[in-house]
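No hydrogens, no waters, no symmetry mates; every other heavy atom, side chains included, goes into these values. Here the structure is a predicted model, which is why all the values come from computation and not from measurement.
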Amino acid sequence: QVTLVESGGGSVQTGGSLKLSCAASGYIFSGFGSCGMGWYRQAPGKERGLVSSIISDGATEYVESVKGRFTISQDTVKKLLYLESNSLKADDTAVYYCTVSDGFKCRRKYWGQGTQVTLSS
């Protein structure tokens, strides 16, 4: 069983910064990071959507709205995933979830419980 625990969320003023962390525990068959990992978010009344992802060779992707402001990174030794967010905007208010993929053809995805990020003016 794989458990993911996010931390680092909270309330911050627009223009501020936060660094989210995701700690993985348990046995990941393919190895932490080998199948790719990511951050999703869900704002009130909206569907959950991908914010950023990172694959085993370190290649990253970002949704257009966070490009240049957010940075995803990983520590495969400590089994930690990070999302550094800068120049935060009101639209960034959401619950942020980390994911780790595993299994046959990396089709299984584990989710954390989420961490709330709230922007205030």
Side-chain angles (χ1 to χ4, degrees):
Q1 181 68 26
V2 176
T3 302
L4 304 176
V5 178
E6 300 97 336
S7 60
S11 295
V12 62
Q13 289 188 329
T14 54
S17 300
L18 281 176
K19 187 173 184 177
L20 306 182
S21 300
C22 173
S25 62
Y27 180 68
I28 301 172
F29 178 79
S30 61
F32 182 79
S34 294
C35 272
M37 300 179 288
W39 287 94
Y40 286 71
R41 68 185 179 186
Q42 186 167 21
K46 295 186 178 180
E47 293 187 355
R48 191 177 300 186
L50 179 66
V51 176
S52 179
S53 62
I54 185 168
I55 59 175
S56 57
D57 64 359
T60 58
E61 290 189 351
Y62 299 89
V63 67
E64 190 65 34
S65 61
V66 308
K67 284 183 179 178
R69 301 190 297 121
F70 288 19
T71 303
I72 190 171
S73 61
Q74 61 184 344
D75 184 331
T76 55
V77 174
K78 296 181 179 179
K79 294 200 289 186
L80 291 168
L81 180 68
Y82 301 103
L83 184 69
E84 188 161 3
S85 54
N86 299 305
S87 302
L88 285 163
K89 306 175 181 179
D91 287 348
D92 295 320
T93 294
V95 178
Y96 285 72
Y97 301 88
C98 69
T99 66
V100 172
S101 297
D102 195 16
F104 180 68
K105 293 188 178 181
C106 301
R107 288 175 178 169
R108 181 168 187 171
K109 184 171 287 182
Y110 296 98
W111 293 82
Q113 83 291 346
T115 186
Q116 177 71 49
V117 173
T118 302
L119 273 295
S120 60
S121 57

Can you check whether [X] reaches [Y] side chain to side chain, under 4.5 Å on heavy atoms?
X    : Y    : answer
R41  : D92  : yes
Q116 : T93  : yes
Y97  : R48  : yes
L81  : V100 : no

Subject >> Residues that, via side-chain heavy atoms closer than 4.5 angstrom, fall in one hydrophobic cluster with L80 >> reply: Y82
Subject >> Pairs touching residues 15-53 that satisfy ring-ring contact (aromatic ring centres under 6.0 Å, His included), sequence neighbours left out >> reply: Y40-W111
Spacing of [X] atom [atom1] and [Y] atom [atom2] [to the nearest 0.5 Å]:
X    : Y   : atom1 : atom2 : result
Q113 : C98 : CD    : SG    : 7.5 Å
M37  : C22 : CE    : SG    : 8.0 Å
L88  : Q13 : CG    : CD    : 11.5 Å
E6   : L83 : CD    : CG    : 11.0 Å

Nearest heavy-atom pair of [X] and [Y]: which atoms, and what distance?
X    : Y   : result
C35  : S30 : SG-OG, 3.4 Å
Y110 : L4  : O-CD1, 3.4 Å
S17  : S87 : OG-N, 4.4 Å

Original post:
Going only through I, L, V, M, F, W and Y residues with side-chain contacts under 4.5 Å, is there a path from V63 to V117?
Top reply: yes
Subject >> I72 reachable from V95 in the ILVMFWY side-chain graph, under 4.5 Å edges >> reply: no
Original post:
So L119 and V12, side-chain contact (heavy atoms from CB on, under 4.5 Å) or not? Walk me through it.
Top reply: CA-CA 5 Å; L119 273 295; V12 62; 3.5 Å; yes
**OP:** Output yes when a side-chain donor or acceptor of S85 lies under 3.5 Å from a complementary backbone atom of L18, and no otherwise.
**Re:** yes
Side-chain donor-acceptor contacts of residues 50-58 below 3.5 Å, not counting sequence neighbours, with atom names and distances?
from	atom 1	to	atom 2	distance (Å)
S52	OG	E61	O	2.9
D57	OD1	A59	N	2.9

Subject >> R108, CZ: over 12 other non-hydrogen atoms inside 6.0 angstrom >> reply: no
Original post:
Step by step, would you call Y62 with T71 a side-chain contact (heavy atoms from CB on, under 4.5 Å)?
Top reply: CA-CA 8 Å; Y62 299 89; T71 303; 3.9 Å; yes
